[in-house]
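These notes are about the structure you will find just below.
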There are 2 protein chains.
Amino acid sequence: MISERQAKEREFRKEQILEGALIVFKSQGLERTTMDEIARESDFGKATLYYYFSSKEEIFIELLDRGWKMIWESIEPIIHGKDQPKDTFINSLIIIGGLVTENQVLFEFLFTAPQTMPITLLESKPTWKNYQNKMYGVFQGLLEEGISKGEFPQMRSDLMMRAIGGLFHGLFFLGHGKKPVSADTMEDFISDFIGKTLK
Amino acid sequence: MISERQAKEREFRKEQILEGALIVFKSQGLERTTMDEIARESDFGKATLYYYFSSKEEIFIELLDRGWKMIWESIEPIIHGKDQPKDTFINSLIIIGGLVTENQVLFEFLFTAPQTMPITLLESKPTWKNYQNKMYGVFQGLLEEGISKGEFPQMRSDLMMRAIGGLFHGLFFLGHGKKPVSADTMEDFISDFIGKTLK
DNA sequence: TTATGTTTCGAATTTATGTTCGAAATTTAA
DNA sequence: TTAAATTTCGAACATAAATTCGAAACATAA
């Protein structure tokens, strides 16, 4: 039988492991990350990792699930608010921008990990993918609504969605050199680019 | 001693191997690609691959080198032409767009591979990276020149470069689902987006 | 034809690393 | 205090896949 406190400690240790794993995954990617490195980084024995997680993939997936859940939950209230599409859209982007600057390492991982992931991990219909789909769906819906109401200029919303996906990606990488963006640049970027393009 | 014809045949076989490797790398990434698969795809024995290349990484690098060389050489004449910055800029993008639609598989690889690549492969200052840097440098230079001449609206050229990097990336992926873009979409995209934003 | 150079590849070798095992350490609760 | 439950982890195991080996096939040129 596990007490409340024990459960909390167990959860805390999971988080410690996830934190260490994030650092390694972010710099090495799924394949090149070894359980030895995660163990070293999180300061547990390698076998202990298997006490908390059943495999390396599970750790990876859990990072994505928790991260995307956080994103979704942070924009949900705004989405369900009563603002006009354009305001909802821009406010959501600003919220996400804020999260990103708070949490560079995590977000760089969230936005880039899916591209380096084996297809098998997508076929299991993971939780994080649902949140991601919901989010993209909402954004595209807002764009379309905004266009039909004349709040946005006439444009192909699917193309614009591609651009936005690319833009968020571009926040982290210039060209393909690995040079993370600063908080200021991020602010500038949103107000400058989104502002000019959509207003 | 190797005759001219032998050299050509050898080069041809290298190309066969690279062609097979591209298919596998593109769908599996560097890590999950096995020499067995490259051998099967290119229809050589596994050991034969080592006769032509010294390692799996070398094959990967050679694909990047040849690809980026091709991009650079295709825009170089335009860059050295006498057009105004804005025209040079847009024409270069159009050229690249053309190459991309001709060569989807290769370009998807060229634009996405660097993100999945171990840092060690970047530390060796590879040839392809030089071409890439030259290209980005030229683009940023054109932007700055165009801004100062009033051909482009006032903007922060470094931010716009980030956007452009992201846009090219976004051509291939919507969100993070692996759904390559069609040739038409690509056309639309360039004329629609670049047109609206820069003109 | 034959000797020399070139190319091919199946099988063996090596290495890296994900996962499991089993015993020890620690914590909990009576 | 002590026994049961929980947590920890070093060492062993298993496997996949990169690379090498060595011999055979093939081509070339005298």
Side-chain angles (χ1 to χ4, degrees), chain A residues 1-25 27-63 113 116-121 124, chain B residues 1-25 27-63 113 116-121 124:
Chain A
M1 197 27 195
I2 318 159
S3 74
E4 186 73 5
R5 182 175 55 72
Q6 276 173 311
K8 271 184 189 152
E9 282 183 352
R10 202 184 280 192
E11 167 62 19
F12 179 74
R13 282 178 227 123
K14 280 188 88 165
E15 279 164 14
Q16 294 301 106
I17 293 171
L18 288 170
E19 208 169 286
L22 172 60
I23 291 168
V24 189
F25 279 138
S27 83
Q28 311 282 331
L30 175 59
E31 317 289 337
R32 272 178 314 276
T33 291
T34 68
M35 290 302 263
D36 278 307
E37 276 175 288
I38 297 178
R40 181 153 13 91
E41 190 67 41
S42 61
D43 206 24
F44 285 92
K46 179 162 60 157
T48 305
L49 305 183
Y50 285 90
Y51 183 76
Y52 290 96
F53 298 93
S54 71
S55 70
K56 188 170 76 161
E57 270 76 16
E58 189 178 288
I59 298 178
F60 189 85
I61 291 290
E62 185 120 3
L63 275 170
T116 72
M117 183 182 314
I119 299 105
T120 52
L121 287 189
S124 54
Chain B
M1 196 29 196
I2 316 159
S3 74
E4 185 75 2
R5 182 176 55 73
Q6 277 173 310
K8 271 184 191 153
E9 282 182 354
R10 202 185 279 189
E11 168 61 20
F12 179 75
R13 283 177 227 123
K14 280 189 90 166
E15 279 163 16
Q16 294 302 106
I17 293 171
L18 288 169
E19 206 171 288
L22 172 60
I23 291 168
V24 188
F25 280 139
S27 84
Q28 313 280 328
L30 174 59
E31 316 291 335
R32 274 180 310 279
T33 291
T34 67
M35 291 301 263
D36 277 307
E37 277 174 288
I38 297 178
R40 182 152 14 89
E41 191 66 41
S42 61
D43 206 25
F44 285 91
K46 181 164 55 158
T48 305
L49 305 183
Y50 285 91
Y51 183 76
Y52 290 96
F53 298 93
S54 72
S55 70
K56 187 170 75 159
E57 271 76 15
E58 189 178 289
I59 298 178
F60 189 85
I61 291 291
E62 184 120 4
L63 275 170
T116 72
M117 184 180 313
I119 299 105
T120 51
L121 287 190
S124 53

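First the proteins, then the strands, lettered A, B, ... as listed; each starts at 1. What you are looking at is a predicted structure, and each value in this text was computed from that prediction instead of being measured.
You'll find that the side chain of B/Tyr51 is closest to C/dT7, out of C/dT7, C/dT19, D/dT7. Listed candidates were D/dT7, C/dC9, C/dT19. Nearest to the side chain of A/Tyr52 is D/dT7. Among the nucleotides D/dT8, C/dT19, D/dA17, the one closest to the side chain of B/Thr34 is D/dA17. Distance from the side chain of A/Lys56 is smallest for C/dG18 among the nucleotides C/dT6, D/dC21, C/dG18. You'll find that the side chain of B/Thr48 is closest to C/dC9, out of C/dT28, D/dG10, C/dC9.
The side-chain heavy atoms of B/Phe60 and B/Thr33, taken from C-beta on, include no pair separated by under 4.5 Å. Between A/Lys56 and A/Leu30 the shortest side-chain heavy-atom distance falls below 4.5 Å. Inter-residue side-chain proximity for B/Ser27 and A/Ile119 is flagged as unmet; no heavy-atom pair is nearer than 4.5 Å.
Between the CE atom of A/Met35 and the C1' atom of D/dA11 there is a distance of 16 Å, rounded to whole Å. For the pair A/Asp36 CG and C/dA16 C1', the computed distance is 10 Å after rounding to whole Å. Computed from coordinates, the A/Arg10 CZ to C/dT27 P distance equals 15 Å when rounded to whole Å. In this structure, CZ of B/Arg13 is placed 10 Å from C1' of D/dA27, rounded to the nearest angstrom. Atom P of nucleotide C/dC9 and atom CZ of B/Arg40 are separated by 15 Å, given to the nearest angstrom. A/Glu9 places its CD atom 9 Å from the P atom of D/dT7, with the value rounded to the nearest Å. Atom CD in A/Glu4 sits roughly 13 Å away from atom P in C/dA29 (whole-Å rounding). Separating the OH atom of B/Tyr50 from the P atom of D/dA17 is a distance of 12 Å, rounded to the nearest angstrom.
In this structure, B/Ala47 and B/Gln6 both approach DNA chain D, and ranking their closest nucleotides by distance from the 5' end singles out B/Ala47. Where B/Lys46 and B/Arg5 each meet DNA chain D at their nearest nucleotide, the meeting point lying more 5' is that of B/Lys46.
Among the heavy atoms of the strands, none lies under 4.0 Å from A/Ser54.
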Quiz item: Could you walk me through whether B/Ile61 and B/Ser124 pass the side chain to side chain contact (heavy atoms under 4.5 Å, CB included) check?
Solution: CA-CA 11 Å; B/Ile61 291 291; B/Ser124 53; 5.6 Å; no
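D/dA30 and C/dT1 make up a base pair, with Watson-Crick or G-U wobble contacts both under 3.5 Å.
Across every non-hydrogen atom of B/Glu58 and B/Tyr52, the tightest pair is OE2-O, 4.2 Å.
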